[in-house]
Amino acid sequence: MPELPEVETIVRGLRPQLIGKKIRFIRVRSDHVLTGSPRGFRRVLEGAIIREIGRKGKFILITCDQEIRLITHLRMTGQFLLAPRERVVDPHTHVLFDLEPGTDQLRYRDVRKFGRLAAVARGTPAISLLQDLGPDALEISAATLFRNLQQKKRAIKPLLLDQTFLSGLGNIYVDESLYRAGIHPLTRADTLNRDQARLLHRHMRQILRQAIRAKGTTVSDYRGPEGIVGGFQRFLRVYDRSGDPCRICGQTIQKTRVGGRGTHTCPGCQPWPQKSG
DNA sequence: ACTATCCCCTGACGGC
DNA sequence: TGCCGTCAGGGGATAG
């Protein structure tokens, strides 16, 4: 579900609500979403005071005193919600954090249970997932992106989705970025020239920033921390628009499958390069 | 190094 | 109405 702009929106929404709060008590309704045992999870986090909330790629990092951390990946349907303790608990809510001061609860809800929550104790090295993360899509420079693309023979779309190569992009923003840069998703990465890499870099940044401003994209079930719906979907030009005309050339937006993922392209604006040269 | 294919889960939707 | 197949903003494991 959430990609970089949605995760950034969530982080920004949680920050003012959580900074300075103490995690007083944790209730785990389903340990499926925890990376370790509920016992260990609670032992590490109960009593911790939240100091910082950040993002790395699509991971949410909640840092407490003494470098205790809660690291979360929402995968497809994970959500953080803030609710008064007495509010009815939705059946897909798996972890509840009582906060102090106040009467609010931070709730982790996840319909498909693909998301994961990990508690990192003081002095414990960062989990391997974070170490393997590639540069953040909003932090990488055009020059570095170009240099890194030249080392890869893979098709550009699966490469951009590979979080060890670049972190933050998901299916929506990859399709949108490639469309705006006029690059076909199956183009071999090392065949892109410097100008194409620059164009891709510029559009990717522009789209991500615009999407953050719009508070993300809601196609079906993404919601921000307060249940807020994103607004970027009205700016989408290919994603979820198959069968509709391209806004630039009028040709019909196609939906195909690339690397196992639904892929949206405009045949006019994103020519297939390896065929025609 | 890279691709293809499951798999993890649940729900929504279209066709019959 | 119900059943069945397919698909979904992600990513890990495994076989070729």
Side-chain angles (χ1 to χ4, degrees), chain A residues 1-10 29-35 55-60 71-80 90-94 108-118 127-134 137 148-179 185-191 204 207-208 210-212 214-224 228-243 255-264:
Chain A
M1 157 178 83
E3 307 180 33
L4 188 155
E6 290 75 33
V7 175
E8 181 64 30
T9 301
I10 290 162
R29 301 176 76 225
S30 164
D31 55 9
H32 190 96
V33 297
L34 303 183
T35 56
R55 173 187 70 74
K56 238 182 178 340
K58 302 176 194 170
F59 286 87
I60 296 171
I71 302 182
T72 302
H73 197 303
L74 305 173
R75 294 282 179 92
M76 292 289 268
T77 52
Q79 298 174 328
F80 272 126
D90 171 282
H92 294 109
T93 302
H94 309 302
Y108 181 72
R109 176 174 187 269
D110 192 343
V111 171
R112 294 174 72 178
K113 289 188 247 179
F114 287 170
R116 289 295 177 266
L117 281 69
I127 60 174
S128 61
L129 274 173
L130 284 183
Q131 287 175 336
D132 293 341
L133 267 192
N148 294 351
L149 288 174
Q150 292 213 287
Q151 325 261 120
K152 299 290 182 181
K153 299 179 179 194
R154 300 173 69 183
I156 185 70
K157 167 154 178 172
L159 183 62
L160 293 176
L161 285 173
D162 182 343
Q163 303 295 299
T164 67
F165 178 79
L166 185 70
S167 59
L169 293 185
N171 208 32
I172 293 180
Y173 297 107
V174 165
D175 279 5
E176 292 296 314
S177 299
L178 290 174
Y179 164 76
L186 285 171
T187 312
R188 256 178 63 158
D190 62 358
T191 66
M204 174 180 82
I207 287 166
L208 292 174
Q210 193 183 1
I212 290 171
K215 301 191 188 305
T217 301
T218 298
V219 171
S220 60
D221 52 16
Y222 162 76
R223 295 291 185 283
I228 294 168
V229 174
F232 193 72
Q233 53 281 4
R234 64 200 157 97
F235 299 112
L236 296 176
R237 299 203 186 162
V238 284
Y239 189 89
D240 206 27
R241 291 196 67 236
S242 63
K255 182 164 181 184
T256 58
R257 199 152 278 270
V258 174
R261 310 295 301 275
T263 296
H264 311 74

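Since this is a predicted model, take the numbers as computed values, not measurements. Every chain is numbered from 1 and lettered A, B, ... according to where its sequence line falls, protein lines coming before strand lines.
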Whole-Å distance separating the [atom1] atom of [X] from the [atom2] atom of [N]:
X	N	atom1	atom2	result
Glu3(A)	dG11(C)	CD	C1'	13 Å
Arg188(A)	dC2(B)	CZ	P	10 Å
Ile60(A)	dG9(C)	CD1	P	19 Å
Lys152(A)	dA1(B)	NZ	P	7 Å
Glu6(A)	dA8(C)	CD	C1'	14 Å
Asp190(A)	dA1(B)	CG	P	14 Å
Lys58(A)	dG9(C)	NZ	P	10 Å
His73(A)	dG9(C)	NE2	P	14 Å

Legend entry - Pair Lys153(A) + Asp190(A), salt bridge at N-O below 4.0 Å: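 Looking at Asp190(A) together with Lys153(A), the answer is no, because their closest N to O distance does not fall below 4.0 Å.
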
So, using side-chain contact (heavy atoms from CB on, under 4.5 Å) as the criterion, who are the partners of [X] when residues are at least two apart?
X	value
Lys215(A)	Thr9(A), Ile228(A)
Thr263(A)	Lys157(A), Asp175(A), Pro185(A), Thr256(A), Val258(A), Thr265(A)
Gln233(A)	Thr217(A), Thr218(A), Val229(A), Leu236(A)

Legend entry - Residue of the set Thr35(A), Leu34(A), Asp110(A) for which side-chain contact (heavy atoms from CB on, under 4.5 Å) holds with Arg116(A): Thr35(A)

Inset, instruction - With heavy atoms under 4.0 Å as the rule, sort Tyr239(A) into base, sugar-phosphate or nothing. - result: sugar-phosphate

Inset, instruction - Looking at every strand, decide which applies to Gly262(A) at a 4.0 Å heavy-atom threshold: base, sugar-phosphate, or nothing. - result: sugar-phosphate

Inset, instruction - Return the set of residues passing salt bridge (Lys or Arg N to Asp or Glu O under 4.0 Å) with Arg112(A) (not counting sequence neighbours), or none when no residue passes. - result: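 Residues passing salt bridge (Lys or Arg N to Asp or Glu O under 4.0 Å) with Arg112(A): none at all.
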
Inset, instruction - Using the test salt bridge (Lys or Arg N to Asp or Glu O under 4.0 Å), find all partners of Arg154(A) that sit at least two apart in sequence or belong to another chain. - result: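 Partners of Arg154(A) by the salt bridge (Lys or Arg N to Asp or Glu O under 4.0 Å) criterion, ordered by chain and then number, come out as Asp162(A).
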
Pick out the pairs of N or O atoms, protein on one side and nucleotides 14-16 of chain C on the other, that lie under 3.5 Å.
none

Inset, instruction - Could you pull out all residues at least two apart from His92(A) that satisfy ring pair (Phe, Tyr, Trp, His ring centres under 6.0 Å)? - result: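 In terms of ring pair (Phe, Tyr, Trp, His ring centres under 6.0 Å), with neighbours along the sequence ignored, His92(A) is linked to no residue.
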
Inset, instruction - Could I get the full list of ring pair (Phe, Tyr, Trp, His ring centres under 6.0 Å) partners for Phe232(A), not counting sequence neighbours? - result: Tyr173(A), Phe235(A)

Test item: [X] side-chain N/O and [Y] main-chain N/O as donor-acceptor pair under 3.5 Å:
X	Y	value
Gln79(A)	Thr77(A)	no
Glu176(A)	Val238(A)	yes
Ser177(A)	Val174(A)	no

Inset, instruction - Determine the interplanar angle of the Tyr108(A) and His94(A) rings, folded into 0 to 90°, and report it as parallel if under 30°, tilted if 30 to 60°, perpendicular if over 60°. - result: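 It falls in the tilted class, 30° to 60°.
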
Inset, instruction - Measure the spacing between NE2 of His264(A) and OH of Tyr239(A) and express it to the nearest 0.5 Å. - result: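 Spacing of NE2 (His264(A)) from OH (Tyr239(A)) equals 5.5 Å.
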
Legend entry - Glycosidic conformation of dG9(C), taking syn as within 90° of 0 and anti otherwise: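 Judged by the O4'-C1' to base torsion, dG9(C) sits in syn, the angle falling within 90° of 0.
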
Inset, instruction - Please list, by residue number, the residues of residues 153-164 of chain A whose heavy atoms come closer than 4.0 Å to an atom of DNA chain B; answer none if no residue qualifies. - result: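 The stretch gives Lys153(A), Arg154(A), Ala155(A) as the residues lying under 4.0 Å from the strand, ordered by number.
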
Legend entry - Protein-to-nucleotide contact annotation, 5' to 3' order, nucleotides 6-11 of chain B [B base; S sugar-phosphate only; - none; under 4.0 Å, heavy atom]: --BBBS

Legend entry - Below 4.0 Å: OP1/OP2 of dC7(C) and any side-chain N or O of Lys255(A): no

Taking atom [atom1] in both [N] and [M], compute the distance separating them and give it to the nearest angstrom.
N	M	atom1	result
dC9(B)	dC3(C)	P	24 Å
dG11(C)	dG11(B)	P	22 Å
dC6(B)	dT6(C)	P	11 Å

Inset, instruction - Treat a base pair as Watson-Crick or G-U wobble with both distances under 3.5 Å, then lay out DNA chain C in dot-bracket form, 5' to 3', with | for cross-strand pairs. - result: .|||||||.|||||||

Legend entry - Within residues 228-239 of chain A or reaching into it, pairs that qualify as salt bridge (Lys or Arg N to Asp or Glu O under 4.0 Å) - sequence neighbours excluded: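 Applying salt bridge (Lys or Arg N to Asp or Glu O under 4.0 Å) to every pair that reaches into residues 228-239 of chain A, excluding sequence neighbours, yields nothing.
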
